[in-house]
S.K.: 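One structure is given below, represented as structure tokens, and several questions about it will come after.
We number each residue from 1, following the sequence as shown. The figures that follow rest on heavy atoms only: side chains count, while hydrogens, waters and symmetry mates do not.
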Amino acid sequence: MSKEKVCEIQRENKKAFGKFIVIMIMSTLIGAIVGMLTAKLPENSTEAIARGIMAGLHLITPYANLVIVSVGTIVVTVLFKISKQRFKTWNGEDEDEMERIDRLLSYAIYITTMIMILACFFFAAGMKVFQFVELREDAAKTIPVVCWFVSFILVLVFVTVSQRILVDFLKQINPEKKGSIYDIKFTKKWEESCDEAERLQIYKAGYKSYPVTSMTCLVLWIVCLMGSVIWDFGLMPVAMVTVVWTVLTTSYTWESMRVSKRNK
């Protein structure tokens, strides 16, 4: 290694080290302030907050998925119809118009995915807030539970059907695209049918999501750690974040090494 390169590396490290120290000091101060404020709270305040959150979830959980799937159906339908209409009037040459159509369809697919994620959350919330044992004693309590369960099934049907329609329309626009959403290897087949530019876009998006997800895991780890100490969360939340973090890092590292070896 040349002397110039060594000096360049040292300069880069020296420049970044100052910012690193500032970030560490600020993080420590914020953590200390939050810890002190939490310690000064009354002993029953955390229990009151927890009861308030559970009461709110108990109120909205039975109908949340019903509202989500209703709004999602309207939005996705509008986006799909606009895309379909624009494709019918497309002159076959305007690439900007085709890009706008692809973007609308991407928005629609993104919305369906987010609906599924939110539906899973409210389904889990329902498993927590509902006292199923009490249903035998009070039949009126079964109505929210039935609404909660049926609306989750509706979300599953909506997401499956809407994503099939959207993907099939994408394949009509791009005849070279392959794969069915019912196929467990859909992602692999879809990627193989993409051209080099589309694959590069996928790889760039995947690389961008890696550091963002890693930072999110770090933040969640800190929150869960504080929760286990202050609010007695237990170690399970920390363990789950650690598992996700480990899988993310390991899969990225091994795939990077595999691709590098294949290219050589």
Side-chain angles (χ1 to χ4, degrees), residues 38 44-76 107-164 166 181-182 184 186-187 209-210 212-251:
T38 305
N44 59 349
S45 61
T46 55
E47 296 181 0
I49 294 174
R51 287 195 299 268
I53 294 175
M54 294 302 295
L57 287 175
H58 195 282
L59 181 65
I60 66 175
T61 294
Y63 316 104
N65 283 340
L66 187 61
V67 173
I68 290 172
V69 73
S70 300
V71 175
T73 301
I74 296 173
V75 175
V76 172
Y107 287 150
I109 294 175
Y110 169 77
I111 290 172
T112 59
T113 305
M114 290 304 302
I115 288 173
M116 186 66 210
I117 294 173
L118 292 174
C120 289
F121 169 78
F122 284 110
F123 183 80
M127 296 294 292
K128 178 65 177 178
V129 301
F130 292 132
Q131 301 294 329
F132 293 99
V133 178
E134 298 178 359
L135 298 180
R136 300 175 183 177
E137 303 175 359
D138 189 355
K141 293 182 179 180
T142 61
I143 297 177
V145 176
V146 170
C147 183
W148 159 76
F149 183 77
V150 172
S151 61
F152 181 70
I153 300 299
L154 289 176
V155 169
L156 295 180
V157 174
F158 163 74
V159 171
T160 302
V161 173
S162 59
Q163 288 195 352
R164 180 191 61 80
L166 293 169
I181 65 166
Y182 302 124
I184 59 176
F186 165 73
T187 303
S209 65
Y210 170 73
V212 173
T213 308
S214 297
M215 182 58 65
T216 303
C217 288
L218 175 60
V219 174
L220 290 176
W221 180 84
I222 294 173
V223 172
C224 293
L225 176 63
M226 294 179 62
S228 65
V229 175
I230 299 172
W231 297 296
D232 196 22
F233 281 181
L235 289 179
M236 184 57 70
V238 176
M240 292 296 98
V241 173
T242 303
V243 169
V244 173
W245 203 352
T246 301
V247 171
L248 171 69
T249 304
T250 303
S251 61

S.K.: If every non-hydrogen atom of Gln163 is compared with every non-hydrogen atom of Thr112, which pair is closest and at what distance?
M.R.: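 In terms of heavy atoms, the two residues are closest at NE2-OG1, 3.0 Å.
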S.K.: Walk me through whether Phe122 and Ile60 qualify under side-chain contact (heavy atoms from CB on, under 4.5 Å).
M.R.: CA-CA 9 Å; Phe122 284 110; Ile60 66 175; 4.0 Å; yes
S.K.: Below 3.5 Å, can you tabulate the donor-acceptor pairs from side chains in residues 149-160 to any protein atom, sequence neighbours excluded?
M.R.:
{"unit_1": "Ser151", "atom_1": "OG", "unit_2": "Cys147", "atom_2": "O", "d": "2.8"}
{"unit_1": "Ser151", "atom_1": "OG", "unit_2": "Trp148", "atom_2": "O", "d": "2.9"}
{"unit_1": "Thr160", "atom_1": "OG1", "unit_2": "Leu156", "atom_2": "O", "d": "2.8"}

S.K.: Above 12 or not: heavy atoms from other molecules or residues under 6.0 Å from CH2 of Trp221?
M.R.: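 No, the 6.0 Å shell around CH2 holds no more than 12 heavy atoms from other groups.
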S.K.: Taking all non-hydrogen atoms of both residues, which atom of Ala119 and which atom of Asn65 are closest, and how far apart?
M.R.: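 Shortest heavy-atom separation between Ala119 and Asn65 comes out as CA-OD1, 3.1 Å.
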S.K.: Kindly check if the number of other-residue, nucleotide or ligand heavy atoms within 6.0 Å of OH (Tyr110) is above 12?
M.R.: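 Counting other residues, nucleotides and ligands, OH of Tyr110 stays at 12 neighbours or fewer.
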S.K.: Between atom CD1 of Ile68 and atom CG of Leu118, what is the distance when rounded to the nearest 0.5 Å?
M.R.: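 Between atom CD1 of Ile68 and atom CG of Leu118 there are 4.5 Å.
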S.K.: For a quick test of reading the model, state the closest non-hydrogen atom pair linking Ser162 to Val76 and the distance between them.
M.R.: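 Shortest heavy-atom separation between Ser162 and Val76 comes out as CB-CG1, 4.4 Å.
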S.K.: Given Thr249 and Tyr210, is the side-chain contact (heavy atoms from CB on, under 4.5 Å) satisfied, shown in steps?
M.R.: CA-CA 8 Å; Thr249 304; Tyr210 170 73; 4.0 Å; yes
S.K.: Could you go through Ile117 and Phe121, starting from their C-alpha distance and side-chain angles, then the distance that decides it, and tell me whether this counts as side-chain contact (heavy atoms from CB on, under 4.5 Å)?
M.R.: CA-CA 6 Å; Ile117 294 173; Phe121 169 78; over 6 Å; no
S.K.: Rounded to the nearest 0.5 Å, what's the gap from CD1 on Ile115 to OG1 on Thr73? Could you check?
M.R.: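 Going from CD1 on Ile115 over to OG1 on Thr73, the span is 6.5 Å.
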S.K.: Is there a donor-acceptor contact under 3.5 Å from the side chain of Thr250 to the main chain of Val247?
M.R.: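 A pair under 3.5 Å: no.
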S.K.: Counting heavy atoms not belonging to Leu235, are there more than 12 under 6.0 Å from its CG?
M.R.: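 Incorrect, the count does not exceed 12.
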